[in-house]
Structure formats: C-alpha cells, structure tokens
Amino acid sequence: MLGFRTQMPWSSAQEESQGQLFEGAAAVVAARQGMETPLTAVAEAFEELARGMDADGGELRLAPFSDTCALVSVLFSSLGMAFRFAEIEYVTKVNDLIGAGKSYRTLSDILDKDIENDSVKKQGSHSRNLRRVRLGLGLIKALFEQFLTTEGCSLYDAATTAYGQVCAPFHSWAIRKAVGAGMYTLPSREQLIVRLNETDCSVQKEMRRYIDASSPIIEYIDNLFLSRNISLDW
C-alpha cells in the first residue's frame, strides 16, 4: 500500500487501521501505489490539493480534500499506540467527510448548511468533523515542526509539545493523562525514520514538504470558521 518497499514494518494494528477507510479513501491509497514513501505521497497530495484550490478560485472542494486527508492516517499509524486515539478519531471523521462529498461540493457548502441548521458544533455534524480533521492535520504539522526544530530532538519531546499545542486544550484531564502515559510507547526518532522508509536527510525534506503544503489548507479551514464568526476554541 502506497508503494512502500518490502522492508516497511507494518504491524497488525496499522493494517487494521487502514481497513477502516471507506472505499473512497481506499481508492486514493491504491492510486498512490508506486510512491516510494508515505511522506512523499502525503506531501504530494497536499501540493496537488493546494493547486486545485488555486484553480478553483480559492474554493476547496470537499471530495479531493477528504481523499487527501485519508492518506494522513498512514502517518498516525507510524507513531504506534501512543497516537492510536487520534488515529481512530481522525479516520472516523475523514470517513464522514468522504460520505458528505457525495452531496456537497465544497467545504463552504457543508459549513453553510450546518449554520442554517444550527448544528455546526453538534456531535456528528460535518462541520464538527471538519474541525476535528483540521486538528489532526495540525497535530501532524506541529509534530513535524518540532521534529525538525532541533538536531537530535527526540520523538517523545516533539510529540508531547505538538499534542500540548494542538489537542490538549480540547481534551479532558483524563484523556490528557492517558495520552501522557502513552507517549512513553512512541518509537525512537531512528525507528520512526525507518518506519517511514526514509533516511535522516530525506525525512527532513519530506516533513518540510508536508508542513509547507498543508499550511495553506489549514489556514483556509480556520478562515472558513472565523469568517462566519465561529471561534476555534472547541
């Protein structure tokens, strides 16, 4: 899947996670066969998404957005059980948006419809799920930023800081406590590089590509809510 070379160390938990993707997401993953690494596939997909948004006059279409976000589940899988909570929630929310893509053309459309129905923040609404997916994208982005900040930075330090910045403000004390304990099960920096089928040099290049490519998408989503006077503190 995604064209990993044979030494890519998939676990049964990772395979199970990928099996949760709907057909639409699975089709995207299949389409990425031939890509050498998951980071390359994800970064390229976001670059394509940004180009498509520019071609559509600044509108972000829901179907390609959801399909691109489905690929990010592979990155959560590479982090192991420590981010299992995020992976499960993320995949569930992406699957909802994939389904919504059959009825709505753009991200703006689902948000406007939920505003009309007064259901933006309601459990299970497409807008709420969009917000959660955006947090997932931001979590990976922040983790990569921390990973690249300091030479030899441990994955534990990078992940702990990224979680504290992006997700912790929205989680209960019990969840934060559980996540903190789970951080000790993270792979080492070196193990993550191997799982991603990268070298110390190439992983920096591909992480930077993801950061650069995902940033305008994340900013666009935030602005969708803010332009409608919907705060981001939820």
Side-chain angles (χ1 to χ4, degrees), residues 1-3 21-22 24-78 86 90-91 93-102 104-112 126-127 129-149 162 165-167 196 198 202-228 230 232:
M1 186 173 290
L2 290 178
L21 296 175
F22 282 171
V28 175
V29 174
R32 294 290 165 179
Q33 289 178 354
M35 302 301 295
E36 283 196 340
T37 68
L39 277 176
T40 298
V42 173
E44 182 179 87
F46 274 96
E47 289 168 350
E48 292 174 358
L49 190 63
R51 287 193 292 268
M53 185 169 67
D54 289 339
D56 284 339
E59 287 268 37
L60 187 52
R61 289 184 290 132
L62 180 56
F65 168 77
S66 303
D67 289 344
T68 298
C69 289
L71 297 174
V72 179
S73 64
V74 178
L75 304 183
F76 280 113
S77 293
S78 70
Y90 180 84
V91 169
K93 272 45 175 184
V94 169
N95 282 343
D96 173 75
L97 295 180
I98 290 173
K102 299 174 182 178
Y104 299 93
R105 180 178 177 274
T106 68
L107 272 63
S108 294
D109 291 340
I110 63 171
L111 188 52
D112 289 340
H126 299 317
S127 295
N129 289 339
L130 172 61
R131 175 71 183 142
R132 294 297 177 264
V133 168
R134 176 261 179 266
L135 289 178
L137 301 181
L139 180 60
I140 294 295
K141 175 176 174 285
L143 191 154
F144 286 175
E145 288 171 338
Q146 292 298 319
F147 192 89
L148 298 175
T149 296
Q165 291 176 347
V166 178
C167 295
L196 293 174
E198 299 284 355
S202 68
V203 77
Q204 296 183 46
K205 174 186 174 182
E206 297 305 329
M207 284 184 176
R208 177 57 59 187
R209 281 183 72 190
Y210 173 83
I211 292 168
D212 292 343
S214 65
S215 291
I217 305 301
I218 291 171
E219 182 180 4
Y220 174 86
I221 297 171
D222 285 349
N223 287 336
L224 275 185
F225 287 94
L226 293 173
S227 66
R228 292 160 174 79
I230 302 170
L232 303 178

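Values below: all heavy atoms of this structure, side chains included; hydrogens, waters and symmetry mates excluded.
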Trainee: For S127, does its backbone N or O pair with a side-chain atom of R131 as donor and acceptor, under 3.5 Å?
Mentor: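 Answer holds: no.
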
Trainee: Could you give the distance from CG (L39) to CG (L196), rounded to the nearest 0.5 Å?
Mentor: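 That separation rounds to 5.0 Å.
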
Trainee: Would a 4.5 Å heavy-atom cut-off, applied to side chains only, mark V133 and I221 as touching?
Mentor: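 They are not in contact (no side-chain heavy atoms under 4.5 Å apart), so the answer is no.
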
Trainee: When rounded to the nearest 0.5 angstrom, what distance separates OH in Y90 from OG in S77?
Mentor: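 Output value for this atom pair is 11.0 Å.
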
Trainee: Which heavy-atom pair separates A213 from A43 by the least distance, and what is that distance?
Mentor: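 Scanning both residues completely, I find the closest heavy atoms to be CB-O, 3.9 Å.
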
Trainee: Could you tell me if the side chain of D67 sits less than 4.5 Å from the side chain of L49, heavy atoms only?
Mentor: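 A side-chain contact under 4.5 Å is absent here.
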
Trainee: Sort out for me which residue in L97, I98, D96 forms a side chain to side chain contact (heavy atoms under 4.5 Å, CB included) with V94.
Mentor: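 Result: among L97, I98, D96, I98 is the only option passing the side chain to side chain contact (heavy atoms under 4.5 Å, CB included) with V94.
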
Trainee: Is S202 reaching over with its side chain to a backbone N or O of E198, donor-acceptor style, under 3.5 angstrom?
Mentor: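 No, the answer is negative, given that no donor and acceptor are paired below the 3.5 Å cut-off.
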
Trainee: With sequence neighbours excluded, tell me which residues meet side chain to side chain donor-acceptor pair (under 3.5 Å) with E145.
Mentor: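 K141.
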
Trainee: Taking atom CD1 of I217 and atom CZ of R134, what is their separation to the nearest 0.5 Å?
Mentor: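 Spacing of CD1 (I217) from CZ (R134) equals 12.0 Å.
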
Trainee: To the nearest 0.5 Å, what is the distance between CG on L232 and CG on L226?
Mentor: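 L232 atom CG to L226 atom CG measures 4.0 Å (nearest 0.5 Å).
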
Trainee: Taking the side chain as C-beta and beyond, is there a heavy-atom pair between V91 and F76 under 4.5 Å?
Mentor: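 In short, these two side chains do not touch, never coming nearer than 4.5 Å.
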
Trainee: Is there a donor-acceptor contact under 3.5 Å from the side chain of D109 to the main chain of T106?
Mentor: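 Indeed, once roles are kept as given, a pair shorter than 3.5 Å links the two residues.
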
Trainee: Would you name the heavy atoms of S108 and E59 that are closest together and state the gap between them?
Mentor: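 Shortest heavy-atom separation between S108 and E59 comes out as OG-OE1, 3.5 Å.
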
Trainee: Between atom CE of M207 and atom CD1 of I140, what is the distance when rounded to the nearest 0.5 Å?
Mentor: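 If I round to the nearest 0.5 Å, the distance is 9.0 Å.
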
Trainee: Give the intermediate values and the outcome of side-chain contact (heavy atoms from CB on, under 4.5 Å) for residues I110 and L62.
Mentor: CA-CA 9 Å; I110 63 171; L62 180 56; 3.8 Å; yes

Trainee: State which residue, out of L137, I211, D212, fulfils the side chain to side chain contact (heavy atoms under 4.5 Å, CB included) condition with F46.
Mentor: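 Testing F46 for a side chain to side chain contact (heavy atoms under 4.5 Å, CB included) against L137, I211, D212 leaves exactly one candidate, L137.
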
Trainee: Take L111 and I230 through the test side-chain contact (heavy atoms from CB on, under 4.5 Å) and record every step on the way to the result.
Mentor: CA-CA 10 Å; L111 188 52; I230 302 170; 4.1 Å; yes

Trainee: Out of the candidates Q204, R208, R209, only one should pair with E206 under the side chain to side chain donor-acceptor pair (under 3.5 Å) rule; please name it.
Mentor: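 The passing option is R209.
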
Trainee: Using 30° and 60° as the class boundaries, would you call the ring planes of H126 and Y104 parallel, tilted or perpendicular?
Mentor: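 Correct class here is perpendicular.
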
Trainee: Rounded at 0.5 Å granularity, tell me how far CG in L130 sits from OG in S66.
Mentor: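 Output value for this atom pair is 8.5 Å.
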
Trainee: Do you know which two heavy atoms are closest between A41 and L71, and how far apart they sit?
Mentor: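 Closest approach of A41 to L71, heavy atoms only: O-CD1, 4.1 Å.
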
